[in-house]
Each structure stands twice: as C-alpha cells, then as structure tokens.
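Notes follow once the structure below has been shown.
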Amino acid sequence: MNGKHLVKLGLEKKAIALAQTAATTRETAGLTRDDILNELRAVQQNPAAYTAGGVYAPLAAELLAQQAILDARKGSELRPAPLPYPTWGADLIDPGAHRQMDVAMRLPVSRAGALMPDAHVGYGLPIGGVLATENAVIPYGVGVDIGCSMMLSILPIQPGALRTDEAGTLLLKHTRFGAGVAFEKRDRQDHEVLHESTWDDQPILQHLYDKAATQIGTSGSGNHFAEFGTLTLPHADLGLDPGEYLALLTHSGSRGFGAQVAGHFTALAERHHPTLAPEAKKLAWLPLDHEDGQAYWQAMNLAGRYALANHHLIHARLARALNVTPLAQVSNSHNLAWKQQVGDLELIVHRKGATPATHGQLGLIPGSMADPGFVVRGLGHEGALHSASHGAGRQLGRKAATSTLNKKDVQAYLTGRGVTLIGGGIDEAPQAYKRIEDVIARQTDLVDVIASFQPRVVRMDTGSEDI
DNA sequence: ATGTTC
C-alpha cells in the first residue's frame, strides 16, 4: 500500500500511519489493495462501528477523536460580529468594558445582552454586564464571587439614637472581615443552608462544606462592607411610614466556598472549549443539558443561597445585639445567573454586577463608603433583560486608585459627609467610583428610587493601602 | 473576590 492512496482518502498524518499499519496487516492476510481501500473507506464513513476491536480499531479511535475536535471547534466559533445590545449611561462607560461585552455578544450561545451604567472591565464578562445565553451557563459570566449580594435591615431606632462609637463597637464585635477569616468556634452560627442535602451531591461541594460552615456569617474583603446609616423614606412604602430610620446595609458574598466553586467550573468550562478564541477564553461555557452544566447550576445556586445566609446571620447578630427586630428587610443577589423567559425562548440570564429589576422587584444599589445607596423598585425593562446597575461602578482600577489618591483626600471626603470608617483601603476610596447620582440618573427607565441610605459608620476589610 | 493558585 502506497501512502499516496491514503492521502487521497483525505486522512491526516497520524491517521495515515495507523491506516498504513492496518493495511499492511490486511495485505499479509491476502487482501488486494482495492479491497483494503474499500475497507478503509467504510471505517472512515462510520468509525464508531470499528472501535470495539479488530485491525481498524486504532484508526477508528483516531478518526473519532479528530472529528470531536472539529465539532468542538465548530461549536466554539465566535460570530464574525457581535449581536447588538443596548447600553445605559454610555458616557460613563470605559471602551474596555464595551470591548469585553462585544466579545461576549460574539459567543455562539449568546442571544441578548445589555450593559448597565456602572459597567467597567472585569474578568471575562464586564462588571455591569448582562448576558442571555441559550442552553449554556458561563462561570465567568457570573463571576468569582458567586451570589455576591446586598441586604438592608430597617430598624425600629431613630438614626440619632445609636452613637457613632456604639455603632463602631457593634460592627467590630459582630462582623468579621478579611480574606480567609472565619468566626471563632464559640461564636459560630448555624443556618439551614448548611443542612441541605445538596452538599452531598457533588465531591467538590462535600470538599468545601467545612470551609463554608466555618466562614458562614462573615463579610470577606475587597468592596464588601457592613455599615450603619440613615435611611430616608420620602413616601410610605415597604410597609413603613415615611421618615428617617436607622438601617444596616451589608455587601457580602459566598466567600472561599463560592470562589473555589467558580475556579473549579471555570477550568472545567475551558476544557469543554479547547479551541475557543483566546479573547473569549474567560467566557467558556458549560452546556446546561450536560452533567457538567447541571453540576455548575446546582453549585452556583447553593453558593447564592449561602451568600444570602451570610447576610442573614450578620443582620441577625447585630439586630440581637441592639435588642431589636427589623421593621423590614430587602436583599438581592447581583452576581448570579437565572432562567428567564426572553421572547419565545427560555434563556440563561447572567448578571455579573447587575441588580435584578423585574417589574415591582426590590433591589439595593450602593454608592460608595461615603455616598448614598438606594432602595429601588424594578420597572421590568425588556431591553435591559429586567436589570439595573449593582452600584456606582469603578472609574479607577485598584492600582490606579492606589497611585492617584492619598489618605488625606479620602479623609476629607469622609469628614465632609460625616462618615466614620473602620478599616478600608485607598483602592475603595469614594473617588475611585463613579458618581452614584450620575449612574442612577442614567437608569430611570430601569428602576424607581424609593428610598436613600446615607452611610454613617462603615466597616470594611483593611486594604493593602490603609486610609 | 479569594488566602497566597499550576
């Protein structure tokens, strides 16, 4: 058998070598060249029928592997141009965030998207990005801090009745900040989320259970915070009379548990798409009709419930210390994916730093450590995929903030607004964020503002560059 | 965002 005959069959290098070996065996068995070429064509047409054994099994396996790569490449190909998507507050958004969103809208699984006015560059999908996909979930479309969320408790206390030093003492005693931190054993609290059978369903969840159990009720680091402030409710709402209330606002996530879930499934998604274009590598997805997609979906939702449980424990601890029961509570996740009907399709809507804003849905949009946050009610805007911003959004990256701003500037800003800060880093300075008033003004068709919250005593993690 | 990454 001449190699040329095999090239003519359209075989590639490795397959040619395997075909040559098989052909030699068949020639020894007395078959003619034409007989062998016919057999080879049959193997080519249906390699799966030959993998069980026999002289053609190695060739058949190689052909199947090649086909799988081709199929994967075909299924991972980006569209030549991004699908169009609406942007809110384009004048506030860095071109880099648009570039990232453009890549996301070129994914073959993408169907719709939107950019919120707090958008800025992140890993994979931009922060403030909303992306709807079909039968696919993108771990980096949710983000590292799965289930990152906000919670507000409105307390039956006059804003002036809690002194600044008392508020600071409470926050220091009843919250825990920092990467890797957990509550001391005697202070550890239980929550029903830790008793779910879900933890037994996957090895990774079993593995992370102990970490989750020790860290529950903690706040973490980065932009996470716990703060007392003054809630101003101009009109009767939330079952409350108009007026001013002492309130507790927290920003926290799924801690080490969620971060490790995110890392695990991002790596898995990348293995699903080995031929994905480099610019879209961090947007690798998992098919939802595949066990890996189902596993992520389960773990993601558990991390979402766990993050909200964190908030509930933080609020319960502080409310108990104050000997009060909250008058009302509002909470929302802003790093998560949801199944959502979009037109005729049920899509997977990823919100990575975006507040769900279905018609009538309550949400929380914080400003910065010294700027007001807002309680909002969604207007269910279809084009925004029922979403709004999740905050003010960065205008300076962490490095830029650290090199541009100094302690004095930040202290002056805090003093000017009567804010007392415990912990905090320069990279979280109010000046590192967009003006929340501008961001809110760009999304009046997405949410109604129903109350504002002015921070008074704020606790954050100690940054690398303290304030 | 996370403890400190293959």
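Reckoned from all heavy atoms, side chains included, excluding hydrogens, waters and symmetry mates. All chains are named by letter (A, B, ...) in the order of the sequence lines, taking the proteins before the strands, and each is independently numbered beginning at 1.
Evaluation of the ring pair (Phe, Tyr, Trp, His ring centres under 6.0 Å) rule for His381(A) yields Trp88(A) as partners, not counting sequence neighbours. In this structure, Trp297(A) has no ring pair (Phe, Tyr, Trp, His ring centres under 6.0 Å) partners at least two apart in sequence or on a different chain. With sequence neighbours excluded, no residue forms a ring pair (Phe, Tyr, Trp, His ring centres under 6.0 Å) with His311(A). Judged as a ring pair (Phe, Tyr, Trp, His ring centres under 6.0 Å), and not counting sequence neighbours, the contacts of Tyr296(A) are Phe265(A).
Under a cutoff of 6.0 Å and an axis angle of 45°, Arg435(A) and Tyr433(A) do not form a cation-pi pair.
A heavy-atom distance below 4.0 Å to DNA chain B is reached by these residues of residues 203-220 of chain A, ordered by number: Lys211(A), Gln215(A), Gly220(A).
Taking every nucleotide of DNA chain B with any atom under 4.0 Å from a non-hydrogen atom of chain A, the first and last of them, 5' to 3', are dA1(B) to dG3(B).
Counting non-hydrogen atoms under 4.0 angstrom, Ala259(A) reaches the backbone sugars and phosphates but no base. Phe257(A) comes within 4.0 angstrom of nothing in the nucleic acid, heavy atoms only. Residue-level contact check: Gly253(A) touches neither bases nor backbone, having no heavy atom under 4.0 Å from any strand.
Side-chain atoms of Gln215(A) come within 3.5 Å of backbone N or O of Gly256(A) as a donor-acceptor pair.
Among Arg459(A), Glu227(A), His224(A), Arg317(A), the single residue meeting the side chain to side chain donor-acceptor pair (under 3.5 Å) criterion with Thr175(A) is Arg459(A). Results of the ring-ring contact (aromatic ring centres under 6.0 Å, His included) test with Trp285(A) over His272(A), His350(A), His273(A) single out His273(A) as the only residue that passes.
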